[in-house]
Amino acid sequence: MCFCSRSAFSDLVIRESSKKSMRLSRFFLPILRETPKEAEIVSHRLMLRAGMMRQEAAGIYAFLPLGFRVLQKICQIVREEQNRSGAIELLMPTIQSAELWRESGRYEAYGKEMLRIQDRHEREMLYGPTNEEMITEIFRAYVRSYKDVPLNLYHIQWKFRDEVRPRFGLMRGREFLMKDAYSFDLDQAGATHSYNKMFVAYLRTFARMGLKSIPMRAESGPIGGNLSHEFIILAQTGESEVFCHKDYLDMAVPAADTNFDDIAGLQGIVSKWTSQYAATSDMHDAAAFAKVPSDKQVSARGIEVGHIFYFGTKYSDPMKAVVATHDGKEAPVHMGSYGIGPSRLVAAIIEASHDDAGIIWPEPVAPFKVAILNLKQGASDTDAASEQLYRDLTMKGIEVLYHDLDERPGAKFAATDLIGIPYQVLVGPRGLAEGKVEVKKRADGSRENLSPAAALDLLSR
RNA sequence: CGGGGCAUAGCGCAGUCUGGUAGCGCGUCUGGUUUGGGACCAGAAGGUCGCAGGUUCGAAUCCUGCUGCCCCGACCA
């Protein structure tokens with residue numbers, strides 16, 4: 001992930017990015033030819049086949065190198081958009097003390113979904129399913145004045161929810177990576193603006209991953225509160241049924257230079273994005289949907305990839321997270337929390353973007369941008385051309401996977417299609433005879449015969 | 001948590017009904033021939049048949065208990 005322009009640091013940049021290219025012969029990519037039988041849905045099947053992950057227990061997965069690269073790409077986009085909106089990253093632990101949760105009253109309320117643990121001193125601990133309590137405790141320990149808000153703190157950390165029935169691979173795992181942000185404001189008006197910032201950041205985040213997300217009014221569940229939206233992406237294999245106005249599919253996503261401090265401006269964006277009908281089956285109102293012109297009605301399946309909540313003083317009240325107001329009195333802060341599941345997103349993106357041959361990664365989250373396929377490994381001309389291209393692309397800061405194994409072309413095509421690298425460069429004797437290599441786009445299968453220099457130029461755009 | 005199913009070589013499976021020396025395909029290793037959409041020939045390695053107990057001369061196979069995993073439903077980033 002390199003957004004830096006060539007600069008005085010280009011030398012460093014090249015050295016850094018060169019680590020991100022790989023020769024397949026030195027990589028760890030255990031591709032499976034057959035599908036493990038436990039995998040039912042497409043993303044699960046493809047992730048196992050592509051050597052991206054491995055199941056360690058029900059709902060618990062190890063990320064293998066290819067999957068980890070994608071996960072990191074996703075996290076980086078999430079992080080950049082959180083930061084852009086003004087949120088500040090920190091890192092809280094996975095293990096929490098039960099005491100905190102007794103204070104908020106959720107220790108009993110959360111039920112069996114929470115994994116409870118005892119340490120050697122028989123202290124009651126838990127593996128965090130979410131962090132409202134802990135962040136509230138951190139906030140109240142330091143913040144005393146209205147002057148210190150608004151504040152939005154987030155982290156990207158593993159969560160554990162002991163789901164009754166984990167399924168669909170990463171889509172509904174028990175252990176999952178979550179970006180959770182928590183906002184603190186003096187009053188409801190401030191909190192609404194904080195909510196709107198996250199709303200806009202989420203629209204941008206998912207769009208950057210090549211996804212069309214649609215915000216839908218949602219129930220707030222055990223997190224609590226009365227204002228909440230789920231961000232849903234449409235995918236044929238989605239787990240929930242959704243209904244929305246077709247206009248959402250073409251709505252312009254807020255630009256990178258959106259001013260997050262412009263209260264009215266953000267409200268305008270949010271109002272626009274909440275003006276049309278959009279609901280999951282839980283919240284579906286058939287009568288209201290019927291008023292949408294029939295050629296604008298979309299009824300499809302969707303995957304929840306983000307969820308935002310405003311819940312006022314639900315935690316700040318019992319946990320006494322208060323700040324001094326302008327007139328010297330104390331008031332509990334108004335809070336919101338905002339979640340994105342990066343590990344689920346890996347699967348969700350595959351659900352939204354694949355074909356019979358395998359995964360089709362949107363470029364911003366692809367584990368490598370380019371795959372070089374040496375179609376006759378061991379022949380001096382194809383070896384030399386492949387090596388040269390590998391070096392040149394890498395020096396340009398492009399992440400390349402060089403398929404340098406001694407396999408037949410067909411096997412290389414199949415493997416590369418499966419793992420979904422956006423661009424394949426085919427280096428074979430046939431093309432080289434005319435001084436050409438072939439650049440194939442995974443997404444649409446289009447091919448171009450180019451000189452190595454022209455290919456280099458095209459791919460480093 | 002209710003219902004259904006599965007567990008035999010790295011992966012996919014057969015064998016279980018009807019007990020008698022554990023098999024197939026793919027993958028892996030060695031050698032050779034190959035090389036533009038998952039090659040071919042020859043050879044080889046690899047399994048306490050999920051675990052524990054029982055029945056039997058003899059158990060992958062029959063019986064009992066346990067564990068793990070998957071699917072459907074109610075619940076959820």
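Because the structure is a prediction, the values reported are computed rather than measured. Note on naming: letters A, B, ... go to the chains in the order of the sequence lines (proteins, then strands), and numbering restarts at 1 for each one. Computation of the quantities below employed the complete heavy-atom set of this structure, encompassing side-chain atoms and omitting hydrogens, waters and symmetry-equivalent molecules.
Taking the P atoms as reference points, B:G47 lies 39 Å from B:G3, given to the whole Å. Comparing B:A59 with B:G19, their C1' atoms are spaced 6 Å from each other, to the whole Å. Atom C1' of B:C26 sits at a distance of 26 Å from the matching atom of B:C71, rounded to the whole Å. Comparing the same atom, P, in B:C24 and in B:A14 gives a spacing of 16 Å after rounding to whole Å. B:G32 and B:G68 are spaced 50 Å apart, taking the P atom of each and rounding to whole Å.
Across all strands shown, A:Leu32 has no heavy atoms under 4.0 Å from either base or sugar-phosphate atoms. At a threshold of 4.0 angstrom between heavy atoms, the contacts of A:Gly169 with the nucleic acid are absent. Using a 4.0 Å heavy-atom criterion, one finds that A:Gly378 contacts no nucleic acid atom at all. If you check every strand for non-hydrogen atoms under 4.0 Å, A:Thr35 touches sugar and phosphate atoms only. Here A:Asp417 lies in heavy-atom contact (under 4.0 Å) with a base.
When the side-chain nitrogen and oxygen atoms of A:Gln55 are compared with OP1 and OP2 of B:G68, none of them lie within a distance under 4.0 Å. Taking side-chain N and O atoms only, A:Lys112 has no distance below 4.0 Å to OP1 or OP2 of B:C75.
The side chain of A:Phe413 sits closest to B:G36 out of B:G12, B:U35, B:G36. Of the candidate nucleotides B:G36, B:C70, B:C71, B:C70 has the atom nearest to the side chain of A:Ala58.
The aromatic rings of A:Trp158 and A:Phe63 sit tilted relative to each other, their planes meeting at an angle between 30° and 60°.
Looking at A:Arg69, its side chain never comes within 3.5 Å of a backbone N or O of A:Ala366 through a donor-acceptor pair. Under the 3.5 Å distance criterion, the side-chain polar atoms of A:Arg116 are left unmatched by any main-chain donor or acceptor of A:Glu124. Judged purely by atom type and a 3.5 angstrom limit, A:Lys412 uses its side chain to pair as donor or acceptor with the backbone of A:Asn374.
Annotation: side chain of A:Glu304 is in contact with side chain of A:Arg344 (closest heavy-atom distance under 4.5 Å). A:Tyr182 has its side chain out of reach of A:Phe139: every pair of non-hydrogen atoms, C-beta onward, lies at least 4.5 Å apart.
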Distances under 3.5 Å between protein N/O atoms and the N/O atoms of nucleotides 39-44 of chain B, please, pair by pair.
unit_1, atom_1, unit_2, atom_2, d
B:A39, OP2, A:Arg408, NE, 3.4
B:A39, O4', A:Arg408, NE, 3.3

Short heteroatom pairs, N/O only, protein and nucleotides 3-10 of chain B, under 3.5 Å:
unit_1, atom_1, unit_2, atom_2, d
B:C6, O2', A:Lys37, NZ, 3.2

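Contacts classified as ring-ring contact (aromatic ring centres under 6.0 Å, His included) and involving residues 400-452 of chain A (residues at least two apart or in different chains) are given here: A:Tyr390-A:Tyr402.
Other residues, nucleotides and ligands contribute at most 12 non-hydrogen atoms within 6.0 Å of the CD atom of A:Glu99.
Between A:Arg167 atom CZ and B:C71 atom C1' there is a gap of 9 Å when expressed in whole angstrom units.
If you check distances only, the side chain of A:Lys440 does reach the base of B:G37 with a donor-acceptor pair under 3.5 Å. With hydrogens and angles left out, the side chain of A:Arg49 and the base of B:G38 share a donor-acceptor pair within 3.5 Å.
Considering A:Asn131, A:Asn83, A:Asp180 as possible partners of A:Tyr154, the one that fulfils the side-chain hydrogen bond (donor to acceptor under 3.5 Å, both in side chains) test is A:Asn83.
Nearest-nucleotide mapping onto RNA chain B: of A:Asp406 and A:Ala57, the residue sitting toward the 5' end is A:Asp406.
Both thresholds, 5.5 Å between centres and 30° between ring planes, are met by A:Phe176 relative to the base of B:A77, so the two rings are stacked.
Separation of the A:Phe231 and A:Phe199 ring centroids falls under the 6.0 Å cut-off.
When both pairing distances are held under 3.5 Å, B:G2 makes a Watson-Crick or G-U pair with B:C72.
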